[in-house]
Each structure stands twice: as structure tokens, then as C-alpha cells.
Number of protein chains: 2
Amino acid sequence: MPAGESGDDLIELLFFAYRDFVGDPDRILAQYGFGRAHHRVLHFVDRYPGLTIAELLDILRITKQSLNRVLKDLIGQDYITQKTGTSDRRQRLLFCTSAGTALAGDLIRVQSRRVARALANLEAGRAMPPSAESFLFGMIEPEERAAVRRLMARRVRSAA
Amino acid sequence: MPAGESGDDLIELLFFAYRDFVGDPDRILAQYGFGRAHHRVLHFVDRYPGLTIAELLDILRITKQSLNRVLKDLIGQDYITQKTGTSDRRQRLLFCTSAGTALAGDLIRVQSRRVARALANLEAGRAMPPSAESFLFGMIEPEERAAVRRLMARRVRSAA
DNA sequence: TGGAACATGTCAACAGCACTGACATAAATT
DNA sequence: AATTTATGTCAGTGCTGTTGACATGTTCCA
């Protein structure tokens, strides 16, 4: 819905979309004393049970020291458990406990809601053809959209 | 291009897309001793010259203390300058110097390339109809796409 | 069998970037 | 003249990333 259909606008929209996208779960996580790093680990272990440490490191692109810090929290508070690999006993296979699955579910729920809303905007025909721009704009917190639209309009007028 | 057309896949793709999206500029910024916070400030000041501190704080959603730390770097190294507001002399209007505009240009260039590539994928008809999913997938580093596809396929098989 | 390679865990130090709380100054507003 | 607003700054803290070094147990290969 913002004016210019340039790739540069997409860059900015991606920033705003991501800002609000991570804001939802952040509020829930804070109640548990967890952060985004915990969220990412919990999410991937929940969706891909049996993930190894090495696989998780490759997905998250962080060091094992960083991973271990948050993983220790999640294991210590019984959101995740480890099982020794069967074929390779060096590996630690990661699984969510029921508490872990429940929390992961709460987190994905608020994010799904936002994504669903963004997709609904597209399908309501408000954006024809459906564009990446409209999707990202729909990801922004509804009350904030006017402000983003105003900001971006300001640019279209001043620079080219 | 990944299999399931669910909103949950979009959540994951947004993670991967953003991960690679910020990876490009990070490499450039490291050469200047700057981080992501510097990037965000430089980007918005470049695109919206004359932005005030308060406006920038509202865009970035950080505290003035956080902003000030990186802004001091950018001003001290002559990438950004301040001008006292004309109508309200309390305000500091922010502008990029030529060095600032140049660096901002370099940064947006690498990100634009990635976005353009993602859009090109859509328009090449490889994704009909164009979807948010295809766009986000196209944002992922090409060499990494197979790995992401493999990971996500693994889920479609195991859980539902 | 013995040594190399591998998967993982851990300790310590450090950097970037957020936060809170408190306080200061100059300009605008009432 | 008093208050509010826009901004700057100091000090302390937390989360999450990094590097480098070292340890343990497992697997694999010569």
C-alpha cells in the first residue's frame, strides 16, 4: 500500500515488519525470563524434534558457546530434554518437553496471527496483484501502519 | 518453493530471510567498526534527511541512550551532521555527509541486490501465483536454499 | 589397537546494543 | 516565572553474540 514500488521500500518494510514480528513473542518471553535466543532454540527444537546440536548451530549461525548458554537454561527449566543419539552416541538429540511444546505453541500462535492477518489483507483483494510489499506492510502493527505510510510518503516527495 | 503453504512456514522463512538480509551489510559495516545499530541510523537519516532525534527514536524504538551512543560515533567520524532546527531551535535535524551518503549507498546496494533477486524469482514465473513464501525464500542466500528446503521438508514428513 | 577426527561441553574474557534511573541544559510554551 | 519539551549524559546492568583454550567421550581409519 505505500506509494513507491521500489526494492528500497521493501528493505525498509522488512525492517518494520521484523520489528513488530519479534515484538509479540518478546512480551511473552519476558514473563519467563527468556530472550529471543531462547525463543529461536525452542522454536526449532519444537518443529524439528531430534535435532542435533550441530544442526541447530547451522540453522542459527551462532557459536556453540552462545547456544549452550540458552540451551542450558531451557534444559535446566525442563522445556527441552536431550537424548543420546542411537546410531552415533556422541550426538545429543534435542526434544521439547510438554512444557516446551506448550510455550513454543504460545509463541508461534501470536506470530501466526500476525502472518494470517497480513495474508488476509492480500486475499481480501486490497492488494492486486498480491505483492511482497503488501505482505510486509500487513505484518506491521495495525496502529503503526499510518505512521509508516506517512514516513515513507515523506521520502517519495523529497528525494526521488 | 518449500512444500507446505502454511503460515508457520512463513514464520520460519522470515527468520531465514532476515538472517541473510542483515548478513550482507554486516560484512561491510565490520570494516568500518560499525554495527547494525549504526546501519539503521545511517539508513534512516540518509533516506529521510532532516529527521529529528525524537522521530528517529520513534522509528527505531530504542532509548535515547542507545541511540546516542551510535549517533555519537557517526557524528564524530563525520558520517552524519546535525543542524539546529529553524522553527524549533531545541531540535537537532540530522543529515548525512557525503561520506555518510556514500556508505549508506553501499549498504543499500547489497540489500537491494538481494531483494531484486527475490523479486526476479517471482516474475520469472517460477512461482505462480506470486506468494509471500516465494519472496521470502528468494531472500535466502542461494547456496543455503537447498539446506532450508531440506530442513522444512523434514518437518512436513514428520509432524503434520 | 592406537591415534586422528568428530560432537559436544565448559571456562574466561570481551563487544555490541539494548535497558533503567537519575540528572542537566536550553528552548518553547503557558 | 514556572512548566514542559527536546536533547545530552553518566552510571550500572542484562542479553546475546564473539574468540580462544581446553576437556571428555565416541567414532573411524590405518
Side-chain angles (χ1 to χ4, degrees), chain A residues 15 18-19 22-23 25-45 50-77 80-95, chain B residues 15 18-19 22-23 25-45 50-77 80-95:
Chain A
F15 164 77
Y18 200 80
R19 182 192 71 179
V22 295
D26 277 358
R27 267 163 251 133
I28 297 176
L29 291 158
Q31 299 167 5
Y32 293 77
F34 290 147
R36 278 179 207 174
H38 299 88
H39 181 193
R40 291 194 279 265
V41 171
L42 192 62
H43 170 91
F44 282 103
V45 171
L51 224 45
T52 66
I53 301 290
E55 287 170 328
L56 201 43
L57 287 176
D58 185 55
I59 290 170
L60 301 175
R61 294 291 158 81
I62 57 175
T63 57
K64 65 180 172 184
Q65 293 91 329
S66 289
L67 173 57
N68 230 275
R69 194 172 14 203
V70 294
L71 192 52
K72 229 188 298 191
D73 293 342
L74 290 165
I75 290 172
Q77 296 175 51
I80 286 181
T81 52
Q82 300 186 353
K83 290 178 189 167
T84 299
T86 49
S87 62
D88 186 336
R89 294 174 39 77
R90 286 173 304 182
Q91 296 180 331
R92 302 296 143 87
L93 310 186
L94 302 170
F95 298 88
Chain B
F15 164 77
Y18 201 80
R19 181 192 71 178
V22 295
D26 276 359
R27 266 164 251 132
I28 297 176
L29 290 159
Q31 299 167 4
Y32 292 79
F34 291 147
R36 279 178 206 175
H38 299 88
H39 182 193
R40 291 194 280 264
V41 170
L42 192 61
H43 171 90
F44 282 103
V45 171
L51 225 45
T52 66
I53 302 291
E55 287 170 328
L56 201 43
L57 287 176
D58 185 54
I59 290 169
L60 302 175
R61 294 292 158 80
I62 58 176
T63 57
K64 66 179 172 184
Q65 294 90 328
S66 290
L67 172 58
N68 231 276
R69 181 153 22 104
V70 294
L71 192 52
K72 229 187 298 189
D73 293 342
L74 290 166
I75 290 171
Q77 294 175 52
I80 287 181
T81 52
Q82 300 185 354
K83 290 179 190 167
T84 300
T86 50
S87 61
D88 186 336
R89 293 174 39 77
R90 286 173 304 182
Q91 295 180 333
R92 303 295 145 86
L93 310 187
L94 301 171
F95 298 88

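This one's a predicted model, so the numbers in the text were calculated from it and none came from an experiment. We name chains A, B, ... by the order of the sequence lines, and we start the count at 1 in each one. What's counted below: heavy atoms across the whole structure, side chains too, no hydrogens, waters or symmetry copies.
When distances are taken from the side chain of A:Asp88 to each of D:dG8, C:dT10, D:dT27, the shortest belongs to D:dT27. You'll find that the side chain of B:Arg36 is closest to C:dC17, out of C:dC17, C:dG9, D:dG8. Among the nucleotides D:dT7, D:dT16, C:dA7, the one closest to any side-chain atom of A:Gln91 is C:dA7. Closest to the A:Thr63 side chain, of the nucleotides D:dG8, D:dT18, D:dG25, is D:dT18.
Summary of the strand contacts: A:Leu93 and B:Arg69 both lie near DNA chain C, and taking for each the nucleotide with the nearest heavy atom, the more 5' one is attributed to A:Leu93.
Side-chain N/O atoms of A:Lys64 and base N/O atoms of C:dG9 include a donor-acceptor pair closer than 3.5 Å. No hydrogens or angles were tested; on distance alone, nothing pairs the side chain of A:Arg89 with the base of D:dG25 as donor and acceptor under 3.5 Å. The base of D:dG20 lies close enough to the side chain of A:Gln65 for a donor and an acceptor atom to sit less than 3.5 Å apart.
Close to D:dT16, at under 4.0 Å from its OP1 or OP2, lies no side-chain N or O of A:Ser66. Distances shown here put a side-chain N or O of A:His38 below 4.0 Å from the OP1 or OP2 atom of D:dT16. Remark: B:Arg90 is not in phosphate contact with D:dT5, judged by side-chain N or O atoms under 4.0 Å from OP1 or OP2. At least one side-chain nitrogen or oxygen of A:Arg40 sits closer than 4.0 Å to the OP1 or OP2 atom of D:dG17.
The closest side-chain heavy-atom distance from A:Phe44 to A:Leu94 is not below 4.5 Å.
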